[in-house]
Amino acid sequence: MIFSEIIAIPKDDPVAFTFFTGYMAMMAASVFFFFERGRVDGKWKLSLLISGLITGIAAVHYYYMRDYYMVTGENPTSLRYIDWTLTVPLMCVEFYLLTKYAGAKVSLLWKLIIASVWMLVLGYIGEAYNPEGGSTTHSVVYGFLSTLGYVYILYTAWFGEVAHLAVKSNSGVIKKGVRYLAWFVLVGWAIYPIGYMCMPGGWLNIAFGLGPTNVDLFYNIADAINKIGFGLVVYNIAITESSKNKAVGA
Amino acid sequence: MKKTNFIYWVLFLLLLSLSPILKEIDVDYQNQIALFFILLFGVPHGAIDNLLFFENSAVKPARFYFFYLSAVLVYVLIWLLHPISAFSFFLVLSAYHFGQSQFSEEIGKVKILSALLYLMWGLSVLSSFFFYNHEELVLLFQQHTDTHSINLILSESVIKTSYFTTSLFTVGIFGIYFSKNLIPIEKLAIEILILIIIHLTAYLFTFLLGFAMFFVLIHSFKALQSEFNFFYRKVSSLTLFQFSRQIMPLFLISVLGLSLLVYLTHSGILNLSYPLLFIIATSSITLPHAFVMERFYAIKKTN
């Protein structure tokens, strides 16, 4: 692949634009989280490392996805789901780490990871094995089943174990932070189904004629919001709590 | 976020993922399912009006029932004399009542502004269902001669104007509340999100299915929850089963009464179409119910 071919982003191709922007934003976010890791207390270092890994893994995948898209003009479905299979469970790890000091057990982490894997595997089957030309039944069945995993994570974040532990933590910053993350799951993660429904046979494809390119557009926007935003919320909690501890120590 | 709002969001997402299949299901069948849920969960939230009224009231039960039934009969009379006025008043009353149940527990400090918010929010919600399902409703009301007059109110321009105006007003009132620090930002975000989802529900599903989702989850469940909490505060040993038993007598009377009306219509004794019968029955009950709930929310605020 010649570099000059890659760099030529068509002016009227928002998907290509968001692939490039997404790649740079994820990479910049990783550098930020890794560097800032040195400024926070020991107990928050792992959280920031995870934030950096999430955006770092995504940056590498975006590097490959943008090339794949630019050359073939097709959805990089496999790369996309490989990225998510690594990064979404890591987001669940963030929930666990935030509430760990309020007594979160490893079982919570596993439950969240299983739910996220369920959500992704069924989403992948729905998307990657969609018959030629698109099958509504296939898309709907796997979309519905995948949504159940999302609903479980959403419930845990808003009303379940994570929410209870955040209240138990007695830390205003953690309560607020977990609530912000719950908002990301509620609104930010809800952008993904919009992308999913754009594929052939999907509801938005049938009703509004949105096509496969829109799948990537929605996914890229959602990724940028959720991965970087998620990390920034964790960073904010870590830096605020660390500053507080420094002030008490002084 | 309240659990009722959360359940609504989840149900919306699940039904959204199933929407291509839902569209294949016959509209009549969808309507029957929707009506079943409206009756099953909608009627109970009003089937405790008597007990709500007797709290903090010296009025004797016989007197209460007399006025309650009189209000129902008066409303039926208005329907007979002037259907357009009866239907218009029903819409405004329902809108206010929906808004009141949505906000009265959290937003109620500024009386006039609150009342305006209840009305505008309710109208925005109701008109969204009419606006996005206009064709379906016009066809339905055109099918029966006794519902032709309702179509006059549901003219496209009226519904369109009402939808955009009331939605803008609602957002404007939210803005005033926020600027005066009368509503926390998270609560505001949730309310805006819920309003958007209700509008999307109206847009995505058939009229009755969408309305049933809103009416059951956002309105009835919320009202039932408030009512349960109200009695629970007085008797902390109150269980859900006991609460259901309190609801049961009026619920059964309402269902029997409605079944009787359906039978009378079916056998031709009552010369009404089913849509009009349903609207008259609902509106006639809504009038006294809205009064009881107005008093209930006022009592809750002072307690």
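Order of the sequence lines fixes the chain letters, A, B, ..., with proteins taken first and strands second; residue numbering starts at 1 for each chain.
- The local environment of CD1 in B:I185 is sparse, with at most 12 non-hydrogen atoms from other residues, nucleotides or ligands closer than 6.0 Å.
- Contact between A:W183 and B:I190 at its shortest, heavy atoms only, is CZ2-CG1, 3.3 Å.
- Atom OH of residue A:Y150 and atom CG of residue B:L13 lie 5.5 Å apart, to the nearest 0.5 angstrom.
- No more than 12 heavy atoms of other residues, nucleotides or ligands sit less than 6.0 Å from atom OH of B:Y203.
- Summarising the local packing, CZ of B:F231 is surrounded by more than 12 heavy atoms from other residues, nucleotides or ligands at distances under 6.0 Å.
- Scanning for salt bridge (charged side-chain N to carboxylate O under 4.0 Å, His left out) contacts around B:K160 gives an empty result, with sequence neighbours left out.
- Residues of residues 152-161 of chain A lying under 4.5 angstrom from chain B, judged on non-hydrogen atoms, are A:L154, A:Y155, A:W158, A:F159 in numerical order.
- For B:E156, there are no salt bridge (charged side-chain N to carboxylate O under 4.0 Å, His left out) partners two or more places apart in sequence or in a different chain.
- For the salt bridge (charged side-chain N to carboxylate O under 4.0 Å, His left out) test, residues two or more places apart in sequence or in another chain that qualify with A:D223 are A:R80, A:K227.
- Proximity to chain A (any heavy atom under 4.5 Å) is shown, for B:E24, by neither the backbone nor the side chain.
- Neither the backbone nor the side chain of B:I7 comes within less than 4.5 Å of any heavy atom in chain A.
- Going from atom OG1 of A:T137 over to atom CD1 of B:I21 covers 5.5 Å, rounded to the nearest 0.5 Å.
- Contact annotation: the side chain of B:V10 never approaches that of A:T147 to less than 4.5 Å [non-hydrogen atoms, C-beta and beyond].
- More than 12 heavy atoms of other shown residues, nucleotides or ligands fall within 6.0 angstrom of atom CZ in B:F215.
- Within a 6.0 Å radius of CZ in B:F169, other residues, nucleotides and ligands contribute 12 heavy atoms or fewer.
- Environment of NZ in A:K105: sparse, with no more than 12 heavy atoms of neighbouring residues, nucleotides or ligands closer than 6.0 Å.
- Ranked by heavy-atom pairs under 4.5 Å with chain B, the list A:L186, A:V141, A:V151, A:V187 is led by A:L186.
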